[in-house]
Amino acid sequence: MSTGNLLTDHPELYEERFPDPDRLAARWAEDTLRRHGAGAQVLDIGCGTGRDAAWLHNEAGRRVTGLDTSEAMVDHASRRHPGPDYQRADMRDFDLGRTFDTVLCLDSALLYCHTNDDLTSCLAAVRRHLTPGGLLVAEMRNGAFFLGNTELLHGPRTASFEWRGTTHTSHTTLWIDHGAQLLRRRRTWNTDDGTPPQEQHSAWRLLFPQELRYFLTTAAARRWSADGPSPPTCPAGSVPRCCSPVPRSPCCCRCRPGSGCCAPDARAVRWTAPSAR
């Protein structure tokens, strides 16, 4: 059995599995940027296949730089979704040599920072790349969902889809690593074309509202708030990107001009429980 990540190693397969022909995710991001009066220069951290970054760049008139750690994703984005300036870098420690009006971090990308040091380092890098008064928009799963909710941890879950004449079937198990405060996922892929099974291991930090407030306070945020739920972009009846309908909560915060450490406005802090994705 081989290891790896079938979907992120094959971006075309990823987009087939999680189509978004109407670019709902990018339109949600643009609506958020407009409501917060964001400037045109945007850094998209964890840009993935580049389809959201390209829509914001080519259709919404933003000037977008996309950053991702996956070489396959960056190559795919450059070929299939041209326009933005795509860069390969680690979100925990990057230096692009310039600043942006807005940093986007969508689809729970921030939760790949598994440790406190990872998250602190990432937010410090974000702070360095934001102009004074710049905006951070981070959309992520709400870790508080798992306080008393275990129904998504009963597995494995099985799902299948066909791509280019081959049926791909996944068997997915989720569990909580309490010591590390991570949502862990083991997913095994099988195909009907004789390819050996592939096992994938992923994990996301379970961030709780007060934790997030603390990290933003110590890192960069002058004020922050939760916006409405991000749009569903998965095909009807499919297993969502996170392989579970965990409520997701976007937050927006601004950096205080002239300071590397600032406090949020507590009155603006509110997390919602969006509809399942």
**Asked** Any ion pair linking Glu30 and Arg23 (charged N to carboxylate O, less than 4.0 Å)?
**Response**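 Salt bridge between Arg23 and Glu30, a charged N being under 4.0 Å from a carboxylate O: no.
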**Prompt:** Would Arg27 and Glu59 pass as an ion pair if we require N to O under 4.0 Å?
**Reply:** no
Answer yes or no: is there a donor N or O on one side and an acceptor on the other, between the side chain of [X] and the main chain of [Y], under 3.5 Å?
X	Y	result
Arg184	Asp177	no
Glu139	Asp107	yes
Asn190	Pro197	no
Tyr86	Gly50	yes
Ser121	Arg92	yes
Asp22	Leu24	no
Ser70	Met73	yes
His114	Leu182	no
Gln41	Asp101	no
Arg157	Ser170	no

**Asked** Hey, mind stepping through Thr99 and His129 against side-chain contact (heavy atoms from CB on, under 4.5 Å) and telling me if it holds?
**Response** CA-CA 4 Å; Thr99 57; His129 287 78; 5.5 Å; no
Is the closest side-chain heavy-atom distance between [X] and [Y] below 4.5 Å?
X	Y	value
Leu67	Leu96	yes
Gln87	Thr65	yes
Thr191	Thr167	no
Val126	Ile45	yes
Val42	Leu104	yes
Arg88	Phe94	no
Val64	Leu43	no
Arg186	Glu199	yes

**Asked** With a distance cut-off below 6.0 Å to the six-membered ring centre and an angular limit of 45° from the axis, does Arg98 pair with Phe100 as a cation-pi contact?
**Response**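 Judged by the rule, Arg98 and Phe100 form a cation-pi pair.
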Rounded to the nearest 0.5 Å, how far does [atom2] of [Y] lie from [atom1] of [X]?
X	Y	atom1	atom2	result
Asp192	Glu162	CG	CD	7.5 Å
Leu183	Leu174	CG	CG	5.0 Å
Arg205	Leu212	CZ	CG	10.0 Å
Asp52	Cys47	CG	SG	9.5 Å
Asp90	Thr69	CG	OG1	5.0 Å
Asp44	His57	CG	NE2	12.5 Å

Are [X] and [Y] linked by a side-chain donor-acceptor pair shorter than 3.5 Å?
X	Y	result
Thr158	His171	yes
Asp118	Thr115	yes
Glu12	His10	no
Gln198	Arg187	no

**Asked** Is the His81-His76 ring centre distance short of 6.0 angstrom?
**Response** yes
**Message:** Is it the case that over 12 heavy atoms from other parts of the model lie below 6.0 angstrom from the CZ atom of Arg80?
**Reply:**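 Count not over threshold, so no.
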**Prompt:** What do you reckon, is CZ of Arg34 surrounded by more than 12 foreign heavy atoms closer than 6.0 Å?
**Reply:** no
**Message:** Assess the residue pair Asp193 and Thr195 against the criterion (side chain to side chain donor-acceptor pair (under 3.5 Å)); give the C-alpha distance rounded to whole Å, side-chain angles, the decisive distance to 0.1 Å, and a yes or no.
**Reply:** CA-CA 6 Å; Asp193 63 355; Thr195 301; 2.8 Å; yes
Please tell me whether [X] and [Y] are part of a single hydrophobic cluster in this structure, the criterion being side-chain heavy atoms less than 4.5 Å apart.
X	Y	result
Val74	Val103	no
Leu153	Leu111	yes
Trp175	Leu152	no

**Trace of the side-chain contact (heavy atoms from CB on, under 4.5 Å) decision for Asp117 with Leu119** = CA-CA 5 Å; Asp117 288 344; Leu119 190 55; over 6 Å; no
**Request:** Under the side-chain contact (heavy atoms from CB on, under 4.5 Å) rule, what do Leu147 and Phe145 come out as? Steps first, then yes or no, please.
**Result:** CA-CA 6 Å; Leu147 296 176; Phe145 172 83; over 6 Å; no
**Request:** Show your reasoning for whether side-chain contact (heavy atoms from CB on, under 4.5 Å) applies to Thr172 and Gln200.
**Result:** CA-CA 9 Å; Thr172 303; Gln200 171 203 340; over 6 Å; no
**Request:** Give the ring-plane orientation class for Trp189 versus Phe161, where under 30° counts as parallel, over 60° as perpendicular and anything between as tilted.
**Result:**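 Perpendicular: the ring planes of Trp189 and Phe161 meet at over 60°.
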**Request:** Give the ring-plane orientation class for Tyr112 versus Trp204, where under 30° counts as parallel, over 60° as perpendicular and anything between as tilted.
**Result:**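 The arrangement is tilted - the two ring planes meet at 30° to 60°.
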Indicate the atoms forming the closest heavy-atom contact of [X] with [Y], along with that distance.
X	Y	answer
Ala25	Asp20	N-OD2, 3.2 Å
Met140	Ala138	CE-CB, 3.5 Å
Asn5	Ser202	ND2-OG, 4.2 Å
Trp55	Ala26	CE3-CB, 3.7 Å
Asp68	Gly48	OD2-N, 2.8 Å
Cys122	Leu110	SG-CD1, 3.9 Å

